[in-house]
Protein chains: 2
Amino acid sequence: MTKTAAQKRAQAKVEYDAFLAGCPSRQLLDRISDKWVVLVLCALGDDGAPTAMRYSEIARRLAGVSQKMLTQTLRSLERDGLITRTVTPTVPVTVSYELTDLGLSLREMTRGLRSWAQTHMDEVLAQRQDYDARSS
Amino acid sequence: MTKTAAQKRAQAKVEYDAFLAGCPSRQLLDRISDKWVVLVLCALGDDGAPTAMRYSEIARRLAGVSQKMLTQTLRSLERDGLITRTVTPTVPVTVSYELTDLGLSLREMTRGLRSWAQTHMDEVLAQRQDYDARSS
DNA sequence: GAGAGTTACTTCCTGTCAGGAAGTAGGCAC
DNA sequence: GTGCCTACTTCCTGACAGGAAGTAACTCTC
């Protein structure tokens, strides 16, 4: 039995290769392997369920982020459909951000990165001391 | 039974929090959520087993990386004990890089990122079109 | 009703850093 | 001795991160 056109198209879809400079998936990988993206995704719904968070809450959680970078990061995440942005016209306007299902699936990855960093911190620190001692 | 000093120290270890700007684990997370780090780790032992690769092999695999960035990334990975660097004094000297066990454990994360990017590419692309259409 | 305060940004400026191009070492080949 | 090879290092320039300050729209205070 020969393949239908639809089957061929489905196969072609798999051919994204993040190693190729021009490939869209490479650009996507470049975008998501960004420190602020990783931190924002981890912060949103830090505790299991994907909780909606306000702009100022996220800013407080991610100590050291500039307002500009936070806005920029949130915008790109919204554009890529990873989070939703909801404006509530309260007294001073409040804006809340929430993970979409797509964002939720990526968060699983970034949470892995974060916990890796935290659990292997000691090993890395030890390795650095060895390295610095060796090269001195 | 009260805790010994060693047990208390072991507990204190767990208190790395990547959300705090000053925390070493935050700096580590910043370092590993870098596009070249992610790509290099994915490239090393692309196919299951952690294969040693030469400098020029990696450069070829990661289309678009400059020699400077590749050298810089490899050095930082070596310093953190994620890869080993081996110089073989052949005719023109050859240098090979190989994942350590620590690097191998991180590669599991970065491979997740890469495959996420490749499998969800279509969805993200669709979301972007929606977003751009909405804001025009 | 003028001034201060609130949130969620935007704009401007400056230092840092990524990336391209070109130079380096050290040995063989012709 | 001129050229070629790998694996870098150095130099330069444009882009971008991050800090500081400005903005809008409304409310509360005095």
Side-chain angles (χ1 to χ4, degrees), chain A residues 18-23 26-27 29-40 43-44 51-79 83-98 131 134-135, chain B residues 18-23 26-27 29-40 43-44 51-79 83-98 131 134-135:
Chain A
F19 286 131
L20 302 173
C23 184
R26 165 68 167 272
Q27 290 161 26
L29 187 58
D30 287 354
R31 174 86 30 108
I32 61 179
S33 38
D34 171 78
K35 62 173 178 175
W36 295 123
V37 168
V38 171
L39 281 169
V40 166
L44 278 171
T51 328
M53 282 178 85
R54 295 184 51 186
Y55 181 89
S56 52
E57 278 183 297
I58 306 174
R60 228 172 298 125
R61 191 87 181 85
L62 304 189
V65 68
S66 70
Q67 293 183 320
K68 196 188 79 173
M69 287 317 299
L70 182 54
T71 304
Q72 216 170 85
T73 306
L74 289 169
R75 284 277 193 287
S76 85
L77 290 176
E78 188 197 358
R79 188 171 114 94
I83 60 173
T84 56
R85 179 173 179 273
T86 317
V87 181
T88 318
T90 47
V91 187
V93 77
T94 58
V95 183
S96 66
Y97 296 91
E98 192 167 8
Y131 183 88
R134 246 180 287 131
S135 57
Chain B
F19 285 131
L20 302 173
C23 183
R26 166 68 166 272
Q27 290 161 25
L29 186 58
D30 287 354
R31 173 86 30 106
I32 63 178
S33 38
D34 170 77
K35 63 174 179 172
W36 295 125
V37 168
V38 171
L39 281 169
V40 165
L44 277 170
T51 328
M53 282 179 84
R54 295 185 49 186
Y55 180 90
S56 52
E57 278 183 298
I58 305 174
R60 228 172 298 125
R61 191 86 181 85
L62 304 188
V65 68
S66 70
Q67 293 182 321
K68 195 186 81 173
M69 287 318 297
L70 182 54
T71 304
Q72 217 170 86
T73 306
L74 289 169
R75 284 279 192 286
S76 85
L77 290 175
E78 188 197 357
R79 188 171 117 94
I83 59 173
T84 55
R85 179 173 179 273
T86 317
V87 181
T88 317
T90 46
V91 186
V93 78
T94 57
V95 182
S96 68
Y97 297 91
E98 193 167 7
Y131 183 89
R134 246 180 286 131
S135 58

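Lettering of chains follows the sequences in order, A, B, ..., and the numbering in each one begins at 1.
Note that CG of B/Leu62 and CD of B/Glu57 are 11.5 Å apart. Values are rounded to the nearest 0.5 Å. Distance check: B/Lys35 NZ to A/Asp30 CG gives 4.0 Å after rounding to the nearest 0.5 Å. With rounding to the nearest 0.5 Å, the separation of OH in B/Tyr97 from CD1 in B/Ile58 is 7.0 Å.
For the pair A/Leu70 CG and C/dA8 P, the computed distance is 10 Å after rounding to whole Å. Nucleotide D/dC16 holds its C1' atom 14 Å from the CE atom of B/Met69, rounded to whole Å. Across the protein-nucleic acid pair, A/Lys35 atom NZ and C/dA18 atom C1' stand 14 Å apart, rounded to whole Å. In this entry the distance linking CG of A/Asp30 with P of D/dC16 reads 13 Å, nearest Å. The distance between atom CD of B/Gln72 and atom P of C/dG20, rounded to the nearest whole Å, is 13 Å. Remark: P of D/dA17 and CZ of A/Arg31 are 10 Å apart, rounded to the nearest angstrom.
Side chain of A/Tyr55 to backbone of A/Gln67: a donor-acceptor contact under 3.5 angstrom is found.
Checking the phosphate oxygens (OP1, OP2) of C/dG19, a side-chain nitrogen or oxygen of B/Trp36 falls inside 4.0 Å.
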Exercise. Hey, mind stepping through A/Leu20 and A/Arg26 against side-chain contact (heavy atoms from CB on, under 4.5 Å) and telling me if it holds?
Worked result: CA-CA 7 Å; A/Leu20 302 173; A/Arg26 165 68 167 272; 6.0 Å; no
Per-nt protein contacts along nucleotides 5-11 of chain D (heavy atom under 4.0 Å; B base, S backbone sugar-phosphate only, - none) come out as -SSBBBB
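With sequence neighbours excluded, the residues satisfying side-chain hydrogen bond (donor to acceptor under 3.5 Å, both in side chains) with A/Arg79 are B/Asp132.
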